[in-house]
Structure formats: structure tokens, C-alpha cells
Amino acid sequence: MKNPANRPDARGLLLGLIECQPAAPVNDPALRMPRSAVGSWRPTRMNARTRRTRRGRRRSRKPAVVGILAVLVATGWLVAHHGDEGRSRPTTPRTGAAARPAGAPTSASPASAGVRSDPGGFRDDALQFIVDGVECGVDQLGLGMLAHHPNGQFCLVTLTVRNLGPGQLRLESTDQFGYDAAGGRHTADFLSRLYLPGESIWDTMGPGASTHGRLVFDIPPGSALIRLELHLSRTSGGVSIPL
């Protein structure tokens with residue numbers, strides 16, 4: 001039996017294997033090592049260096065990525081904030097009765113519906129009416145065979161209507177009336193809206209918004225339109241506007 005003291009330790013065995021030449025092979029099969037394994041240590045050190053380089057590159061990219069994300073977040077916040085400001089701004093500034101304290105006195109008239117005047121217009125509940133002009137003696141709306149003709153004469157009243165309330169509002173033609181010189185009462189003509197394109201008088205108004213267009217009344221020939229009676233709704237008190 002061989003002397004154990006003569007056996008090499010692990011370090012000596014490894015150095016002996018590395019220094020082995022092909023001409024002097026190791027006889028013990030358990031101690032043989034392929035030649036390719038001898039050179040496997042150097043690539044391992046290169047791979048570690050490569051990993052350190054890649055980690056450094058990733059770390060160097062982090063500030064740039066953080067900066068880009070910060071710019072995107074700031075841009076999104078500015079766009080959203082600007083959109084909120086645009087939505088919160090009313091389309092038309094409130095004027096007239098909106099600034100009057102509740103219960104403030106209004107002017108009166110002997111007319112049946114009562115004249116309630118605001119600076120710049122007349123008001124029924126949350127709607128303010130401003131008469132911009134009156135044109136009578138119109139004998140038709142539209143052209144050709146499809147033109148719309150009156151029984152007497154058309155009177156066109158140009159109006160601006162403002163919503164001074166907090167909700168959505170719109171006019172109904174059946175609630176708007178005109179009075180002629182003989183005391184005749186005439187409902188606003190419904191079909192005329194089909195012959196007056198581009199007007200917004202019958203559109204829904206949001207809070208603070210306004211509409212503009214013409215109300216058409218069919219009155220007797222030779223007469224004059226002397227007064228309007230306009231309503232927010234059938235249940236409102238209405239407002240009488242002398243012309």
C-alpha cells in the first residue's frame with residue numbers, strides 16, 4: 001500500500017493536471033481532465049468583465065429613462081389641467097340679472113304678462129331675452145315651389161337668449177307669442193325653423209351659454225307687431241317685451 005504522506009493535496013493535483021503534456025497522460029481515469037477544461041478559466045473571467053460592463057451601461061441609462069418619464073408626466077398634467085380650465089370657463093359671461101341680488105325690484109308695466117327688464121334685456125326666470133331687431137311685411141321664406149308663405153305677413157324678431165341658470169334650458173315655439181296692434185295673439189311659427197338654417201335659437205343652452213336667431217309670427221296684413229310674450233316654459237310667468 002502506498003504511503004499516504006506522498007499523496008499530493010488538492011492544489012498540487014490541480015497544478016499537476018494543468019502542467020501535464022499529451023506525451024505523459026495520467027493513468028488514473030478518475031484524474032483525467034479534457035484539454036478543453038484546462039482553458040475554461042479565462043473565458044469565465046472575461047464573462048464576469050462583460051457582465052460588469054453591461055451592468056454599468058444599464059445604470060448609465062437609468063437617469064435618461066427617469067428624465068424622459070418625468071417629461072411625459074409633466075406634459076400629461078399640463079394638458080389635463082388646461083382641458084379642465086377650458087371646461088370650467090362659461091361660453092358666455094353672465095350679465096344683467098345674474099348680478100342683481102335676489103328680491104331686487106324690477107320695472108313693471110300694465111301689460112298682461114308683466115314687463116320685467118334687466119340691464120340689456122328682459123328676463124323670465126333663468127332666461128334673459130334681448131331683442132336685436134324686428135322685420136315685418138315678409139311674404140315668404142325659402143325659394144321656389146317649397147317656399148313657406150304666410151296667411152297674412154311674416155314678422156321676424158331677431159333675439160339673443162342667455163341662460164343665466166345652473167341647468168340645461170331651451171325654448172319651445174309653442175310657448176312664445178306675439179301680439180298685433182288689434183290685440184290678436186299669435187304663436188311662433190314652428191315650420192319657419194326649417195327655412196332659417198344656421199340659427200341656434202332653438203338649441204339647448206348650458207349654464208352661461210346663449211343662442212341667437214329669429215322668431216317668426218304670421219300676423220294679419222297691414223297690421224303691426226307691437227309686443228312679445230316669451231316664456232321659459234308653459235308653467236313660467238313669462239315676460240312681456242314691447243316692440
Side-chain angles (χ1 to χ4, degrees), residues 91-98 100 106-144 146-165 169-205 208-234 236-243:
T91 57
T92 304
R94 297 185 178 187
T95 59
R100 190 181 67 237
T106 58
S107 60
S109 161
S112 60
V115 176
R116 293 189 291 163
S117 176
D118 290 322
F122 299 84
R123 181 170 177 178
D124 177 40
D125 200 353
L127 287 187
Q128 184 187 56
F129 301 93
I130 300 173
V131 177
D132 300 317
V134 180
E135 179 186 5
C136 289
V138 178
D139 59 3
Q140 74 175 47
L141 298 175
L143 300 173
L146 298 178
H148 185 35
H149 297 276
N151 295 323
Q153 61 170 323
F154 283 139
C155 281
L156 280 63
V157 181
T158 304
L159 282 178
T160 298
V161 184
R162 291 193 176 99
N163 178 5
L164 303 180
L169 300 173
R170 68 185 181 95
L171 292 181
E172 295 290 346
S173 60
T174 54
D175 301 328
Q176 319 310 325
F177 307 99
Y179 289 83
D180 62 36
R185 186 191 196 201
H186 309 277
T187 304
D189 186 73
F190 176 82
L191 292 177
S192 64
R193 68 181 69 188
L194 304 177
Y195 296 87
L196 301 171
E199 297 185 353
S200 61
I201 191 70
W202 306 111
D203 293 351
T204 299
M205 294 168 281
S210 64
T211 60
H212 185 78
R214 288 168 284 184
L215 301 182
V216 179
F217 300 94
D218 186 351
I219 69 173
S223 186
L225 192 68
I226 63 170
R227 183 169 63 89
L228 299 177
E229 181 186 321
L230 305 179
H231 294 260
L232 168 63
S233 66
R234 292 184 180 182
S236 67
V239 61
S240 179
I241 304 175
L243 299 176

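- Atoms CZ and CG, on Arg185 and Asp180 in that order, are 12.5 Å from each other to the nearest 0.5 Å.
- When side chains are defined from C-beta on, Ile201 does not count as touching Arg193, because their heavy atoms never get closer than 4.5 Å.
- Considering all non-hydrogen atoms of both residues, Gly237 and His231 come closest at O-CE1, 3.7 Å.
- No donor-acceptor distance shorter than 3.5 angstrom exists from the side chain of Asp124 to the backbone of Val239, with no hydrogens or angles considered.
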Could you list the donor-acceptor pairs under 3.5 angstrom formed between side-chain atoms of residues 147-158 and any protein atom two or more places apart in sequence or on another chain?
| residue | atom | partner | partner atom | Å |
| --- | --- | --- | --- | --- |
| His148 | NE2 | Asp189 | OD2 | 3.1 |
| His149 | ND1 | Asp139 | O | 3.3 |
| Gln153 | OE1 | Gly137 | N | 2.8 |
| Gln153 | NE2 | Pro220 | O | 3.1 |
| Gln153 | NE2 | Ser223 | O | 3.0 |

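- Here the closest non-hydrogen pair linking Ser173 and Thr187 is O-CG2, 3.5 Å.
- Across Phe129 and Leu230, no two heavy atoms sit closer than the pair CD2-CD1, 3.6 Å.
- Looking at Ser236 and Asp125, their side chains never bring a donor and an acceptor atom within 3.5 Å of each other.
- Between the side chain of His186 and the main chain of Asp218, a donor-acceptor pair closer than 3.5 Å is present.
- A heavy-atom distance below 4.5 Å is found between the side chains of Asp132 and Ile130.
- Considering only heavy atoms from C-beta on, Leu215 comes within 4.5 Å of Trp202 through its side chain.
- Distance check, rounded to the nearest 0.5 Å: CD of Glu229 to CZ of Phe177 gives 6.0 Å.
- Among all heavy-atom pairs drawn from Ser240 and Phe122, the shortest one is O-CD2, 4.3 Å.
- Contact detail for Leu169 and Ala126: the closest heavy-atom pair is CD1-CB, 3.8 Å.
- Salt bridge absent: Glu135 and Arg214 never bring a charged side-chain N and a carboxylate O closer than 4.0 Å.
- Inter-residue side-chain proximity for Leu228 and Phe217 is flagged as met; some heavy-atom pair is nearer than 4.5 Å.
- Asp203 and Thr211 are not linked by any side-chain donor-acceptor pair at a separation below 3.5 angstrom, with hydrogens and angles left out of the test.
- Nearest heavy-atom pair, Arg162 versus Ser210, reported as atom, atom and distance to 0.1 Å: CG-CB, 3.6 Å.
- Residues passing the side chain to side chain donor-acceptor pair (under 3.5 Å) test with Glu172 are Arg170, sequence neighbours excluded.
- Inter-residue side-chain proximity for Leu171 and Leu127 is flagged as met; some heavy-atom pair is nearer than 4.5 Å.
- Side chain of His212 to backbone of Leu159: a donor-acceptor contact under 3.5 angstrom is found.
- A distance of 6.0 Å separates OH of Tyr195 from CG of Leu146, quoted to the nearest 0.5 Å.
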